[in-house]
Amino acid sequence: MNEEQRKQQAQIIPIDNNIERIKNTSSDEMISKYFQTSYEPQSPDIKKARKRRNEDVQIHYDFAIPEDVATIGKGKKFLIRTYGCQMNEHDTEVMAGILTEMGYEPTSDTNDADIILLNTCAIRENAENKVFGEIGHLKPLKLEKPDLIIGVCGCMSQEESVVDRILKKHQHIDLIFGTHNIHRLPQLVKEALFGKEMIVEVWSKEGDVIENLPKVRKGKIKAWVNIMYGCDKFCTYCIVPMTRGKERSRRPQDIIQEVRHLVAQGYQEVTLLGQNVNAYGKDFEDIEYGLGDLMNAIHKIDIPRVRFTTSHPRDFDDRLIEVLAQGGNLLDHIHLPVQSGSSEILKKMNRKYTREDYLELVRKIRKAIPNVTLTTDIIVGFPNETEEQFEETMTLMEEVGFEAAYTYIYSPREGTPAARKKDDVPESVKKQRLYRLNELVNKQSAESMKTYKGKTVKVLVEGESKKDPDVLAGYTEKNKLVNFKGPRSSIGKIVEVEITEAKTWSLDGVMVENTVEVN
Ligand code: 5AD
Ligand code: SF4
């Protein structure tokens, strides 16, 4: 069907009641109905962050799929499109787990799906634009298949302006639910299937931890494990404390049990996940227990590789450094977002450390773990960033010797303090700065890669290379991508590879014979 035919059909197909209802309801009414409680998108501030931290966290162990929806998906298919970070990727695994328990089967074909969920990211404007593009693309499909359920979830659905825009302009969406409502998916799907209204359930209750959620993990080699949710740091540019809510930690025994379970299933690597993992345990009122203690416990578990992300320099304490220095399954790669090399900009970002504090932390880490690889996140073009301040980021990049960095141009996010600042830096200057920074990042990455030439590294083999099925691909302990020729039987195992060629972002090599570790 071409675009013109689609448009014509759009005019003839009777729009179902759901869409009619929404049209007749003012979006302001809907908004005030669903955004109550503690959601205050316009004025995040530190006082409020502290206040909300003190509200108690409840942990629920009683998740179960209600009987009346347990077979609702039989013979039907689901597709979840994921945008953004690992947290979202992992939420998708949970939603896939829930839908699978309801009888749905996965599909990667939109035309084949009975339910499509867009698990969205709000961190930068272009992430949001992509999702709105996809929402638009799905409209003709919905008009062709009125029984199709289309849902929007993830971080964008926690933003009032986004929900408002969907209610006003995208009435073909059936369901909007927030990051705290994932466990309610069975009920929400049922309501969307049988109800007449667009279902909006956002932020119904912030602050709880739901255990025992089913998961369908992507792959059998590496797994993500949430250790905490939310963020109370309130960096002035960042939307996350609003979209993900306050910091709340899972109990250590629940995390350890999950890791043990993964070991029993044969997983080789776990990545402990949180927006600010160094704040792990700060919300416990009954025990003194931090990330260092948790890593120490996981260090003793028989899993070959343990990573964690994302770290905040401010809360990166000596106990953690001491534990990481033990090595073993605790890998010597630390991702430590610095954001800027200028103390003035860091202050404006509310990062709560200076350039010198960061360098001091790096010194401490390097002293305890001499061979450590450091990578980072950097934002250029924060409002009114001067040339000198940007230069400080460039010099910090060199001084620390980061081997890789995710670099971004600052993107104003509605409701964050930085977005209210007037900004006199032209977009072209910001782009130029990003370009210069990326040149430096590439140079440093390439240099670090060169040091591997002729050396043998341990690679956890994940599968075939995307470009050539004869070539296998995997990651070293320091998270460097390695492509090499080897037997398919090594997939899922840790093997030794001799590096023959170094590229900017990856290494080529040959497998050293007889190195397959039997697990
Ligand atoms: N604009 C640009 N980059 C941002 N990040 C977070 N918020 C913004 C924003 N408003 C970056 C930070 C963070 C990474 C996940 O995304 O560098 O560490
Ligand atoms: Fe955002 Fe990370 Fe800062 Fe939290 S610590 S506000 S997630 S940048």
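Both ligands and their constituent atoms are indexed starting at 1 by order of listing. None of the values given here were measured: they were computed from a predicted structure.
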## Note on the structure
Note: ligand 1 atoms sitting under 4.0 Å from heavy atoms of Tyr410 are 1 (N), 2 (C)

### Sidechain-backbone polar pair: Thr376 side chain, Val338 backbone, donor-acceptor under 3.5 Å
yes

### Message
Under the side chain to side chain contact (heavy atoms under 4.5 Å, CB included) test against Ile176, which residue among Ile150, Ile166, Leu118 passes?
### Response
Ile166

### Query
Any N/O of Arg413 closer than 3.5 Å to an N/O of ligand 1?
no

#### Entry: Nearest protein heavy atom with distance in Å, relative to atom 6 (S) of ligand 2
Cys235 N, 3.4 Å

### Message
Pairs of nitrogen or oxygen atoms closer than 3.5 Å, one from Tyr237 and one from ligand 1: do any exist?
### Response
yes

### Message
Distance under 4.0 Å to a non-hydrogen atom of Cys231: what atoms of ligand 2 satisfy this?
### Response
4 (Fe), 5 (S), 6 (S), 7 (S)

### Query
How does Arg351 reach ligand 2, if at all, at less than 4.0 Å between non-hydrogen atoms: by side chain, backbone, both, or neither?
side chain

### Message
Looking at ligand 1, is there an atom of it that comes within less than 4.0 Å of some heavy atom belonging to Val240?
### Response
no

### Message
Run Thr82 and Asn119 through side chain to side chain donor-acceptor pair (under 3.5 Å) and show every step you take.
### Response
CA-CA 5 Å; Thr82 314; Asn119 188 6; 4.8 Å; no

### Summary
atom 8 (S) of ligand 2 has as its nearest protein heavy atom Tyr237 OH, 3.3 Å

### Query
What residue and heavy atom of the protein are closest to atom 1 (Fe) of ligand 2, and at what distance?
Cys238 SG, 2.3 Å

### Task
Please report which non-hydrogen protein atom sits nearest to atom 2 (Fe) of ligand 2, along with the residue it belongs to and the distance in Å to one decimal place.
Gln275 O, 4.1 Å

#### Entry: Rounded distance (nearest 0.5 Å) linking atom OG of Ser506 with atom NZ of Lys480
11.0 Å

### Task
Counting heavy atoms only, name the option from His312, His335, Arg124, Met349 that's nearest to atom 5 (N) of ligand 1.
Arg124

### Contact partition for Pro241 relative to ligand 2, non-hydrogen atoms under 4.0 Å
side chain

### Query
With the threshold set at 4.0 Å, does a side-chain nitrogen-carboxylate oxygen contact exist between Glu322 and Arg319?
yes

